[in-house]
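What's counted below: heavy atoms across the whole structure, side chains too, no hydrogens, waters or symmetry copies.
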Amino acid sequence: MKIYTKKGDFGQTSLATGAKVPKSDRRVELYGTADELNSTIGVIKSFLSDGSALHSPLETIQNLLFELGSELAGFRPKEESCILEEDISFLEKQIDQMQEKLTPLKKFILPGGTKASSFLHISRTVSRRLEREMVRYKEEGLEILSPPMIFMNRLSDYFFVAARYANLEENIQEPTWTSRAKA
């Protein structure tokens with residue numbers, strides 16, 4: 001099977017439904033951002049130590065994002081979303097488990113520390129962008145189901161806590177924000 005089909009050479013692509021749309025279509029933007037987010041997770045995993053507790057949850061998240069990307073591209077074989085309540089609960093459980101080991105926040109932290117932590121912050125911001133795009137799409141009257149919206153909101157929280165946890169695993173001090181106004 002050839003990777004290139006030449007069908008998209010002039011700015012058109014096909015959604016999972018078979019409908020042809022311009023590559024600037026909002027759905028293409030949505031599933032493209034989901035793919036971008038998934039790619040950032042691949043980078044994160046490459047920087048984690050072999051024994052990191054983050055490997056398995058990140059792999060689960062990658063699989064869920066791939067399914068979500070398909071749904072955003074129009075593929076939904078059932079009336080319900082591919083994102084289930086149990087997927088949201090999974091993120092909440094992961095967040096709670098990591099937070100039990102982290103010191104409570106007393107200052108704002110800056111993205112940084114380990115390479116994995118830095119990329120987890122990038123994932124956090126990309127997930128927030130995807131969430132905003134999904135909200136805009138829904139506000140335009142197009143269908144985005146509730147579970148993916150909740151999942152994306154929780155996912156950015158997960159990435160924030162996971163970034164802190166990645167620094168903890170490597171014994172790296174989190175960079176904190178220093179306000180010039182308070183200095």
Asker: Write out all pairs satisfying side-chain hydrogen bond (donor to acceptor under 3.5 Å, both in side chains) with one or both partners inside residues 96-113, taking only residues at least two apart or from two chains.
Answerer: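 Passing the test, one end in residues 96-113: no pairs.
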Asker: Among residues at least two apart in sequence or on other chains, which ones pass side-chain hydrogen bond (donor to acceptor under 3.5 Å, both in side chains) with S118?
Answerer: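 Once residues adjacent in sequence are excluded, S118 has no partner under the side-chain hydrogen bond (donor to acceptor under 3.5 Å, both in side chains) criterion.
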Asker: What pair of heavy atoms forms the shortest contact from A162 to M98, and how long is it?
Answerer: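 In this case the closest contact between A162 and M98 is CA-SD, 3.7 Å.
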Asker: If I take atom CG from residue L110 and atom OG1 from residue T178, how far apart are they, to the nearest 0.5 angstrom?
Answerer: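 Here the interatomic distance stands at 7.5 Å.
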Asker: Look up atom CD in Q62 and atom OG in S39, then write down how far apart they are to the nearest 0.5 Å.
Answerer: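 Reported to 0.5 Å precision, the distance equals 8.5 Å.
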Asker: Tell me whether V28 shares a hydrophobic cluster with V135, the cluster being built from Ile, Leu, Val, Met, Phe, Trp, Tyr side chains joined at under 4.5 Å.
Answerer: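 Yes, one cluster joins them.
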Asker: Atom CD1 in I172, atom NZ in K115: separation rounded to 0.5 Å?
Answerer: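 Going from CD1 on I172 over to NZ on K115, the span is 11.5 Å.
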Asker: Using a distance-only test with no angle check, is there a side-chain donor-acceptor pair under 3.5 angstrom linking R124 and Y158?
Answerer: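 There is no such pair between these side chains.
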Asker: Shared ILVMFWY cluster between F66 and L37, side chains joined below 4.5 angstrom?
Answerer: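 Each belongs to a different hydrophobic cluster.
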Asker: Could you work out, with side-chain contact (heavy atoms from CB on, under 4.5 Å) as the rule, every residue matching A116, not counting sequence neighbours?
Answerer: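 For A116, the residues satisfying side-chain contact (heavy atoms from CB on, under 4.5 Å) (neighbours in sequence not counted) are I44, F47, L48, T114, A166.
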Asker: Quick test of your reading: applying salt bridge (Lys or Arg N to Asp or Glu O under 4.0 Å), list the pairs with at least one residue in residues 136-164, sequence neighbours left out, ordered by first then second residue.
Answerer: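 Sorted result for residues 136-164: R26-E140, R76-E143, E92-R154, R128-D157, R164-E174.
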Asker: Could you please spell out the steps behind the side-chain contact (heavy atoms from CB on, under 4.5 Å) verdict for S56 and E59?
Answerer: CA-CA 5 Å; S56 180; E59 187 169 317; 5.7 Å; no
Asker: Under a 3.5 Å cutoff, is there a donor and acceptor pairing between the side chains of S81 and E71?
Answerer: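 Yes, E71 and S81 have a side-chain donor paired with an acceptor closer than 3.5 Å.
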Asker: Got a second to check how far I144's CD1 is from L68's CG, nearest 0.5 Å?
Answerer: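 The distance works out to 8.0 Å.
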Asker: Does the side chain of I109 come within less than 4.5 Å of F160's, by heavy atoms?
Answerer: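 With C-beta onward as the side chain, the pair touches.
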Asker: Just verifying a value: how many Å separate S127 OG and E36 CD, rounded to the nearest 0.5 Å?
Answerer: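 It is 11.0 Å, given to the nearest 0.5 Å.
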Asker: Atom CZ in R129, atom OG in S156: separation rounded to 0.5 Å?
Answerer: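 It comes to 13.0 Å.
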Asker: With L64, which residues qualify under side-chain contact (heavy atoms from CB on, under 4.5 Å), at least two apart?
Answerer: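 Here the qualifying residues are T60, I83, D87, F151.
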Asker: Does I95 reach the side chain of Y165, with side-chain heavy atoms less than 4.5 Å apart?
Answerer: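 With C-beta onward as the side chain, the pair stays apart.
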Asker: So do M134 and L30 actually touch side chain to side chain, heavy atoms under 4.5 Å?
Answerer: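 Result yes, sub-4.5 Å side-chain heavy-atom pair found.
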Asker: Less than 4.5 Å apart, any side-chain heavy atom of E29 and any of T33?
Answerer: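 They are in side-chain contact.
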Asker: Could you pull out all residues at least two apart from S123 that satisfy side-chain hydrogen bond (donor to acceptor under 3.5 Å, both in side chains)?
Answerer: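 Here the qualifying residues are T40.
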Asker: Could you check F90 against I61 for side-chain contact (heavy atoms from CB on, under 4.5 Å), going step by step and ending with a plain yes or no?
Answerer: CA-CA 10 Å; F90 166 78; I61 292 166; 4.3 Å; yes
